[in-house]
Each structure stands twice: as C-alpha cells, then as structure tokens.
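In what follows, every chain begins at residue 1, and chains take the letters A, B, ... in the order their sequences are listed.
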Amino acid sequence: MSTIAIIDYGMGNLRSVAKALEQVAPQAQVLVTQQRDDILRADRVVFPGQGSIRDCMRELAHWNLTEVVREAALNKPFLGLCLGPQALLAFSEENGGVECLNVLPGRVVWFGELCDPQTGERLKVPHMGWNQVHQIGNHPLWQGISQDSRFYFVHSYYLQSAEPSLVVGETWYGFNFASAIARDNIFAVQFHPEKSAQAGLRLLANFADWNP
Amino acid sequence: MGLAKRIIPCLDVDRGRVVKGVKFVEIRDAGDPVEIARRYDQQGADEITFLDITASSDDRETMVHVVEQVASQVFIPLTVGGGIRTLDDVRRMLNAGADKVSINTAAIARPEFVREAAERFGNQCIVVAIDAKAVHQDGETPRWEIFTHGGRKPTGIDAVAWARRMNAYGAGEILLTSMDRDGTKRGFNLELTRAISEAVSIPVIASGGVGTLDHLAEGILLGKADAVLAASIFHFAEYTIEQAKRHMQARGIEVRL
C-alpha cells in the first residue's frame, strides 16, 4: 500500500488535509506524523503550514525535522501547501527577516500597501478568498483542472521565485505573483487545495498519482 | 480576472442541530448540519459560517463534533462563531477542522484576547465579529456603536474605532452586522459597511438585513464589502447561492461560478 505522510510540526490543523487526501486516494495510507522514519519511508510527502514563518522554522528545528524535510524534498513526490512553499525558499521578510530552508531559490515578500492599478482601489491584506490560478506549462498536477480555475487563498506574504522557470502557476492581485512553483519532484502551492472544492481535490488526486 | 467577492451562508446551530429550518428540495433532514453544508457547497457557497447559539456551555462540545463531521466531507472554508472565549476554545475548533473562528463578546470583555489568539494561531484564522447600531440623530454626523446581547446592550464603543483597533491587534477579517437591519430584509446598512471597510486594511464581511439579491450586490458595490453573509434568503429557498452569484455577476461583480 502506498503511503502519504503529512508532516505535523505543530503549525496549523492538518485534519482537513488528511481528510481531503483520504477522500481522493482511498487506496493510500495517509499518516499525519512528526516521526522522522515515517516521513523518510513514505512514498509521498505533504509539507503544510499555517501561521508565521518564524514559528514554522522554530518548530521544525524543535521537532528535529529541518533536515528530514530537506531530505524528503530531494527525491520523492513532495507537495508544499500555503506556508510550506514559503519555508522552502531561501529567505522570508516576515518577522523581521527569517532564513528558510533554501531548497528552492527565491524569497518571500509582504504584499504591503496594494492598489488595483486599474481602479485605484485599495486591495485588502490578507489576500483572502477564491482567486484564479493561471497554469504555466503542462505540469501533471494540473491535469483535468481547467485553465484559470479558482482556488482558496489566505496569506499576506507571497513567493518571489529567483528562477522564472520554476513558476507553474500565477495569480493576479494587483500584480502577478507565483501561486504555484515546481521543480523535479517538488510541487508547491500558496493556496489551500484541501479547501478549494473540486479543483483542489483534483489537484490532490493528481498528487496521489504523480510519479515524477 | 482576480479575487472573487464571496457569498457566505450562515447557519445557526443549537445543540448540534441547525435551527430556523432550511428548505432544500430533496433534503431529508433540515436540521442536519452536514447535509445542509454539503448542499450549500454544491450550490457554490464560497465558505460556510456556523453560529453556535447553544445556551448552555455543557452542550458546547457538541459543536466540536459538528465541525469535525462537516470538515470531513465538505472541502471549503468553515468559520465557527458563538461562545469562543479562550485560546483553548479556538484551538479545539481549529483542530476539529474549522478554518477560522469568529470572536465577538470575548473581544469586548478583553481586547487582548484577539491579539493573543492571532499571535498563537495566525491572523488568517481570527475573525472579529462586530454588532453595530446607528446612534446618531437625523442630520448629525453618522456614528455607530457596538452593541452586545443581540443588540440590546450598548457598550459605548465607537464601531469604526473598534474595527481599526481589532485590525491593529491582528484580526484577519471583520464580520460586520448592522443590528438595526438584522432581520428586516431592508438591506445592509451601506453607510456603516463602507465606513468600516474603508477604515481597515483587512477584508470585511457584510451581514444583517439581506432581503433581495440586489442587497447582496449593493453590499459589495456601495458598502465596499469583500464578502456578503446571509441566512434566511438562502435557508428558505427564496434564492440559491448560484442565482445570487449570477445576479452579482450581471452587476459587474467578480464571483466564483
């Protein structure tokens, strides 16, 4: 039986992620775990997260998971969600500046004071609600999901990839930001597929079938 | 292309059962939160809000089970309000599968609670609910005050100043109910909604008074709300969520269809 490990390092509730994966991949064993061996032995790994990046990096270190995450991101299908992809980059502006895992090149930047360039209206932060993701390229995780489908977002910081080639999804919020990045066995999204109804469930199903 | 304005149906839950009846065709049990939430999800609701109106704190545990059940089957964001007073209440609801909790009376009793909850669990999951009523006379500069106990008890707190303060304390969103409109079907208090929305940098959900689909559109277009919440027009099957969204779209509002 194939196993999917969801890394539990105390940053946010993972129940919804687990339930959504169980729904789309009934043949898989879904584990919410902080055990190093579970994570390294699993066929697939999900790296979620909510809250602040400082707490995220601190909790990873606290549970001795920093190196485990790096190792899992090297070779097996690896899905980052929300704060997960932010932690994968080199550096985040949040909390006065935090060094992150540096698995992928890039930094995490605050939305700040935003205006819609067309209407001049102020845009609220957090960026909260359903926004469109414009798929770039034919990544297998987009299979069966219509171009520009809406997903549920809630975040105040965004991904700024240092390599444009890593960006596989873009979203407009006063400007275009990277809402999905990927490289080799890694796919990471700023939005919450586990809360994004059919489109989100399809993305999770694609992940459960993905063999990069 | 861009962020959609949200429509959020709100369900009152008493001891684990939805009250005030929901009229769906083909629904077996109008009191079952799971069945109703699933139906709203199918109609295209962008989120669902549960308001726990259980009087006795002994029965509060029931709400945790409701959230667990709904969150295992409905994959859109869920907010839970009513009786959230401690960090432990917040933690239990989030662990049960809620994405956000809405804090009302406890914030007024001790504003620092909002700061503590936002720091512990992240701004994204802390909604501050504000129940406000107009207190100015005709011809005076508009002024709104926070009321508690279903709009009966004045607090002396200015609603706009309070919204700014809650924003500064780390609230991720504001759920604004105009108490003088709630239940009237005369539409949102647009002046109040706009005053609050323009005073804060976080999203505002307008609530209270929806009777027609135009009211929903006006909350966005004139009230400058980021989302609209309604109960009775959806429960009594006057309109479906999808009809509401098509109407809003026809008025130039970006929605998720």
Examine whether an atom of [X] lies under 4.5 Å from a heavy atom of chain A, and if so say whether it belongs to the side chain, the backbone or both; otherwise answer neither.
X: Glu68(B); result: both
X: Val204(B); result: both
X: Ala118(B); result: neither
X: Asp46(B); result: both
X: Arg6(B); result: side chain
X: Asn123(B); result: neither

Out of [options], which one racks up the most heavy-atom pairs below 4.5 Å with chain A?
options: Ser201(B), Ala71(B), Gly172(B), Cys125(B); answer: Ser201(B)
options: Val74(B), Asp41(B), Val200(B); answer: Val200(B)
options: Glu119(B), Arg120(B), Lys100(B), Gln73(B); answer: Lys100(B)
options: Gly97(B), Ala98(B), Gly122(B); answer: Gly97(B)

Side-chain heavy atoms of [X] within contact of [Y], under 4.5 Å:
X: Phe121(B); Y: Gln50(A); answer: no
X: Gln124(B); Y: Ser156(A); answer: no
X: Met128(A); Y: Asp226(B); answer: no

What pair of heavy atoms forms the shortest contact from [X] to [Y], and how long is it?
X: Ile202(B); Y: Val125(A); value: CG2-O, 3.5 Å
X: Pro203(B); Y: Pro126(A); value: CG-O, 3.8 Å
X: Arg15(A); Y: Ser72(B); value: NH2-OG, 3.7 Å
X: Trp130(A); Y: Pro77(B); value: CZ2-CD, 4.1 Å
X: Ser197(B); Y: Lys124(A); value: OG-NZ, 3.0 Å

task = Can you check whether anything in residues 137-153 of chain A gets within less than 4.5 Å of chain B, heavy-atom wise, and list it by number?
result =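 Answer by number: Asp148(A), Arg150(A), Tyr152(A).
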By a 4.5 Å heavy-atom criterion (distance strictly below it), what part of [X] contacts chain B: side chain, backbone, both, or neither?
X: His127(A); result: side chain
X: Gln23(A); result: side chain
X: Leu201(A); result: side chain
X: Glu121(A); result: side chain
X: Asp55(A); result: side chain
X: Ser16(A); result: both

ask   = Hey, which of Arg122(A), Lys195(A), His134(A) has the most heavy atom pairs under 4.5 Å with chain B?
value =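 Result: the option with the highest number of such pairs is Lys195(A).
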query = If you count heavy-atom pairs under 4.5 Å with chain B, which of Leu123(A), Leu14(A), Val154(A), Asp116(A) comes out on top?
reply =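 Most heavy-atom pairs under 4.5 Å with chain B: Val154(A).
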With a sphere of 6.0 Å drawn around [atom1] of [X], does it hold more than 12 non-hydrogen atoms of other residues, nucleotides or ligands?
X: Trp63(A); atom1: CH2; result: no
X: Glu113(A); atom1: CD; result: no
X: Gln198(A); atom1: CD; result: no

